[in-house]
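For this chain, numbers begin at 1 and follow the sequence in order.
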Amino acid sequence: MMEALKKQPNSCAEIVGNQFKSAALRHKSELHLPEPWTGIEPTLIPEVQGERRIPLLFLVEAGRLCPGERNVPTLSHDLPSYESFYTRRFADRLGRFILPGEDQSLTTFGTVTIRRRSGDGALVYSKPEGAAQDKHHVHELWTLLSAVTRSILNRSALETLGYDDPEGILGKHSIILPLVHCKTDMEGTGVRNAAAPCFEMHTRRFLEYFRPRLVVITGKETLDQLLTADISSGLPRESLVRLQDESEAFSWEFANGAATKVAYFQTPAAHAPLDDFTESGAVISPAAADSLRHVVCSRANPQTGYKTTEGAHRTPQHEGGS
């Protein structure tokens, strides 16, 4: 990124340069810093069988540029404020992940509003819109990933994984990791050029750092980047191709010897209305959730009693399609 700011040709030049255009930045100090991950610090993950492993890791295409987002770290921020923004984006200022009660809402340290709907208890995540902090818009991706987290990680699963929470919480039990960390616009400008080098320099290291029990490749754009980028990470290309048509999760071994399982979540198209979610509060089938719960928990406890539902699909698909 710093080379691109100095206008030296490299793989980040397009994505960094576009940030000045799309966000109308006037000074380098206003540049939004790369997004490392959104969620808990790895040292705070409970230890199970001598290991600290995040239960779920959602791999997304890139960090998205949101010019109206408050307090987002820029080049003018110091390191502590940079770290706390992303580790506490969905938590309070003390780093506690607290969820609202039915038909109530709260605002996190990262100025994200979380509202629990009455009836189905679904959580809806929204962010301030533009400079007017009294207006919010629903963040579709976070809302969907929260629902997937809650579907897979129920109370019994969390007990197996060393937690005492009644339901899965986005940011605490699952994190969001961008494939490309520099902020880009909604069209993904510059992502293709940056994908392979960014993965090798940063993303792979974060994956090995968190040692996820299950990686969920999130959205067709992310899967396409993994298929087209020249990534020499031990990620089996033939398995990635099969993810589009088959339901079986596959194994992935990192350079440090850690192994995980990989599945695919086909999100709705960008800006698509959440009609199905609004009506039902569900984004994956009970069979898919049961199957992936078994994948996550069996790796934590080989003697677990989790059983996959007969004929369960192992790939979580959005109920309404893409």
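Each of V148, I217, I175 was checked for a side-chain contact (heavy atoms from CB on, under 4.5 Å) with F58, and the lone residue meeting it is V148. With E61 as the partner, the side-chain contact (heavy atoms from CB on, under 4.5 Å) test is satisfied by one option alone out of V191, T184, L179: V191.
No side-chain heavy atom of L292 sits under 4.5 Å from any side-chain heavy atom of V216. Side-chain contact between Q225 and F199: absent, with no pair of heavy atoms (C-beta onward) separated by less than 4.5 Å. Residues I169 and Y163 are not in side-chain contact: their nearest non-hydrogen atoms beyond the backbone lie 4.5 Å or more apart. Taking the side chain as every heavy atom from C-beta outward, P42 and W37 approach each other to under 4.5 Å.
Residues H77 and F85 keep their aromatic ring centres 6.0 Å or farther apart.
Put simply, L99 and L94 are part of two different groups of oily side chains (I, L, V, M, F, W, Y) that touch within less than 4.5 Å, one to the next. Follow the hydrophobic side-chain contacts under 4.5 Å out from V215 and you reach L227 in the same cluster. Note on I40: it does not cluster hydrophobically with F109, by side-chain heavy-atom contacts below 4.5 Å among ILVMFWY residues. Each of M201 and Y82 belongs to its own hydrophobic cluster when Ile, Leu, Val, Met, Phe, Trp and Tyr are linked at side-chain heavy-atom distances under 4.5 angstrom.
Atom CG of L144 is separated from atom OG1 of T149 by 10.5 Å, given to the nearest 0.5 angstrom. Note that CG of L214 and OG1 of T260 are 6.0 Å apart. Values are rounded to the nearest 0.5 Å. For the atom pair CG of L141 and OH of Y125, the computed distance is 11.5 Å after rounding to the nearest 0.5 Å. The distance from atom CG of L153 to atom CG of L161, rounded to the nearest 0.5 Å, is 6.5 Å. Taking CZ from R53 and CD1 from I45, the interatomic distance works out to 10.5 Å, rounded to the nearest 0.5 Å. A distance of 9.5 Å separates CD1 of I114 from OG1 of T143, quoted to the nearest 0.5 Å.
E102 places a side-chain N or O within 3.5 Å of a backbone atom of G119 that can act as its donor or acceptor partner. Panel note: side chain R150, backbone E167; no donor-acceptor pair is recorded below 3.5 Å. Looking only at distances, no side-chain donor or acceptor of R89 sits under 3.5 Å from a matching main-chain atom of G110. Put simply, the side chain of S151 gets close to the backbone of A147: a donor and an acceptor are under 3.5 Å apart. Using modelled atom types, no side-chain atom of T113 and backbone atom of T107 make a donor-acceptor pair closer than 3.5 Å. Formation of a donor-acceptor pair under 3.5 Å by the R116 side chain with backbone atoms of Q104 is not found in this model. Under a 3.5 Å cut-off, the side chain of S76 and the backbone N or O of T74 do not form any donor-acceptor pair.
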Using the rule given for side-chain contact (heavy atoms from CB on, under 4.5 Å), can you reason through L158 versus D164, listing the C-alpha separation, both sets of side-chain angles and the distance that settles it, and then say yes or no?
CA-CA 7 Å; L158 291 170; D164 59 2; over 6 Å; no
Going through the distances and angles, do K261 and S251 end up as a side chain to side chain donor-acceptor pair (under 3.5 Å)?
CA-CA 5 Å; K261 288 285 188 178; S251 297; 3.1 Å; yes
Does the side-chain contact (heavy atoms from CB on, under 4.5 Å) test come out yes or no for R211 and R52, once each step is laid out?
CA-CA 8 Å; R211 300 168 62 90; R52 297 186 189 276; over 6 Å; no
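Below 30°, between 30° and 60°, or above 60°: for W142 and H139 the angle between ring planes is below 30°, a parallel geometry.
Under the 4.0 Å criterion applied to side-chain N and carboxylate O atoms, E140 and R64 are not assigned as salt-bridge partners.
For R205, the side-chain contact (heavy atoms from CB on, under 4.5 Å) partners two or more places apart in sequence, or in a different chain, are H202.
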